[in-house]
Amino acid sequence: MTVELLDPGVLTVHDTAPIVEGATVRDTLRRSLALARHAEALGYGRYWTAEQHGMRAVAGCAPEVICAAAAASTNTIRIGAAGVLIPSHPPLLVSERFGSLEALYPDRIDLALGRSLGGPRSAIDLIRAERDHTRSGVVQQIDSLIGHFRSEYHDGARSVAGYGYEPQLWILGTSTDSAEMAAERGLPYAFGGHLAPGRVDDAVSTYKHACARAENAQRPRLAVSVSVIAADTSADAQHLAESHRMKVLQRRVHNRRICLPNPDTAARQRPHDPNTLRAYEAATASFVIGDGETVRAQLAQLRDQTGADEIILSTPVFDHEARLHSFELVAGRS
């Protein structure tokens, strides 16, 4: 059976701005902007940055700042946050920040809303200790945010930069709960498959069925994320994946948090104990890893299996040039 390959326009780069071993925050953020420009040149549809706090190996702490810089560095690609963790921010402030971006870069800004902690509780408590992560609380905050974008006055206040400047809103999640939230509001849904690959079928099915029965029923728009590492050969791609395997092993087995290591170093330190080795290799069990042709075919199969309109790519690779090359291969441009 011939598989129809993906057009780069339905691909999204998901960038957590990982701080690799030996790099600084400045290095990392400059590489993120270079990645956004690279993705645009390759014809990718979107560049999304994440929000995480208090994590030593992640520089993606202020998505609105990275989005502003990425939008200023590009011309056509859509730029967004995936996601802004809505329990940690007053909806009025979110509407003002992303409304300002939409005003500056019309029809180019995306805002995907998530509900996870996004870091250690000690850090998140300093951002907004009174946050509400319950379903009802998150629903109220999402609806309040939508209200600030769509109503001149909402909750007695006017979002000057938000009203009339609504970015493209998405709900981001890894559960059937988030799928229902998106469908009930007629919003597109981005499923975090790179975080919870085993839940993708249930969440996708829930979203599509909930869209069909919603009062404001619209054609469901679905994106699914997956971790991807492509290289000129499958052996090279597997070698690049050693970095992520070692990072996860150190966290899960040794309770050590490290920056993404050089794959050469990780390969030399590969565990020999069978149980530890299984844990090491399991870190990339859900990844799509291989040469360009293999990866493109597997992504097309993922699209066909889930019915996704778009595929979001997370690529944890140590070397900046190798990371850029992975995105080239996925786009079929190298």
Side-chain angles (χ1 to χ4, degrees), residues 11-42 44-74 77-85 88-89 94 97-98 101 105 108-114 116-120 123-124 127 170 172 190 192 194-195 225-229 240-241 243-244 246-248 250-251 257-263 287 312-328 330:
L11 299 176
T12 294
V13 171
H14 183 251
D15 181 22
T16 59
I19 303 172
V20 304
E21 190 175 54
T24 65
V25 170
R26 179 179 289 119
D27 297 332
T28 303
L29 294 179
R30 285 176 173 171
R31 289 168 184 169
S32 287
L33 298 184
L35 176 56
R37 292 190 294 269
H38 190 64
E40 179 175 72
L42 293 171
Y44 278 70
R46 307 176 195 269
Y47 167 87
W48 282 359
T49 186
E51 178 188 357
Q52 294 177 309
H53 302 282
M55 300 176 71
R56 63 181 297 174
V58 178
C61 309
E64 64 276 12
V65 175
I66 296 176
C67 284
S73 299
T74 55
I77 190 171
R78 295 193 67 90
I79 302 293
V84 164
L85 306 178
S88 295
H89 307 283
V94 177
R97 292 166 182 166
F98 281 84
L101 287 170
Y105 306 101
R108 288 187 60 207
I109 303 301
D110 301 330
L111 173 55
L113 303 169
S116 69
L117 281 176
I124 306 306
I127 296 171
W170 290 69
L172 176 70
H194 70 292
L195 299 173
S225 71
V226 62
S227 294
V228 173
I229 298 177
L240 293 175
S243 299
H244 182 77
M246 181 57 70
K247 186 175 187 294
V248 171
Q250 291 296 319
R251 184 180 77 245
R257 293 188 176 273
I258 64 172
C259 293
L260 198 67
N262 188 309
F287 279 43
I312 304 168
L313 310 178
S314 177
T315 300
V317 168
F318 170 84
D319 182 75
H320 179 59
E321 293 302 322
R323 193 174 184 222
L324 297 182
H325 187 49
S326 178
F327 285 109
E328 289 175 1
V330 173

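Numbers for residues simply follow the sequence, beginning at 1. No hydrogens, no waters, no symmetry mates; every other heavy atom, side chains included, goes into these values. These figures come from a predicted structure and were not determined experimentally.
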* Hey, could you give me the OG1/NE2 distance between T315 and H244, rounded to the nearest 0.5 Å? => 11.5 Å
* Give, for atom CG of L240 and atom CG of N262, the distance between the pair rounded to the nearest 0.5 Å. => 10.0 Å
* Structure fact -> Interatomic distance, OG@S243 vs CG@D319, rounded to 0.5 Å, equals 9.5 Å
* Can you find a pair of side-chain heavy atoms, one from C67 and one from I109, that are under 4.5 Å apart? -> no
* Asked: Picking from I66, T74, L33, what satisfies side-chain contact (heavy atoms from CB on, under 4.5 Å) with Y47?
  -> I66
* Give, for atom OG of S225 and atom NE2 of H194, the distance between the pair rounded to the nearest 0.5 Å. => 4.5 Å
* Please report the closest heavy-atom contact between A190 and I312, naming both atoms and the distance. => CB-CD1, 4.0 Å
* To do: Could you check T24, D27, V25 and say which one makes a side-chain contact (heavy atoms from CB on, under 4.5 Å) with I19?
  => V25
* Main-chain N/O of L85 paired with E51 side-chain donor or acceptor, under 3.5 Å -> yes
* At their closest point, which heavy atom of V84 faces which heavy atom of P63, and how far apart are they? -> CG2-CG, 4.2 Å
* **S32 side-chain N/O to T28 backbone N/O, donor-acceptor pair under 3.5 Å** => yes
* Any sub-3.5 Å donor-acceptor pair from R108's side-chain atoms to R78's backbone N or O? -> no
* Structure fact -> Between M55 and P120, the two heavy atoms sitting closest are CG-CD, 4.0 Å
* To do: State, yes or no, whether a side-chain contact exists between V20 and R31 at a heavy-atom distance under 4.5 Å.
  => yes
* To do: Would you kindly say whether D110 and W48 are connected by a side-chain donor-acceptor distance under 3.5 Å?
  => yes
* Asked: Can you find a heavy atom in the side chain of F327 that is under 4.5 Å from one in the side chain of L11?
  -> no
* To do: Could you pull out the closest heavy-atom pair between P316 and I229, with the gap in Å?
  => O-CD1, 4.1 Å
* To do: May I ask you to test the V226-L313 pair for a side-chain heavy-atom distance under 4.5 Å?
  => yes
* In sequence, state the C-alpha distance, the side-chain angles, and the governing distance for R30 and R26, and then conclude on side chain to side chain contact (heavy atoms under 4.5 Å, CB included). => CA-CA 6 Å; R30 285 176 173 171; R26 179 179 289 119; 3.4 Å; yes
* Asked: Between R323 and D15, does a salt bridge (Lys or Arg N to Asp or Glu O under 4.0 Å) hold up when you go through it step by step?
  -> CA-CA 11 Å; R323 193 174 184 222; D15 181 22; 3.1 Å; yes
* Within 6.0 Å of CZ in R251, more than 12 heavy atoms from elsewhere -> yes
* Could you tell me which non-hydrogen atom of K247 sits nearest to which non-hydrogen atom of A57, and how far apart they are? => CE-CB, 4.0 Å
* Which pair of heavy atoms, one from H14 and one from A82, lies closest together, and at what distance? -> NE2-O, 2.9 Å
* Asked: Quick one: do the E64 and H89 side chains pair a donor with an acceptor below 3.5 Å?
  -> no
* Got a second to check how far I258's CD1 is from R56's CZ, nearest 0.5 Å? -> 9.0 Å
* **Validation row: I79, L101 side chains within 4.5 angstrom (heavy atoms)** => no
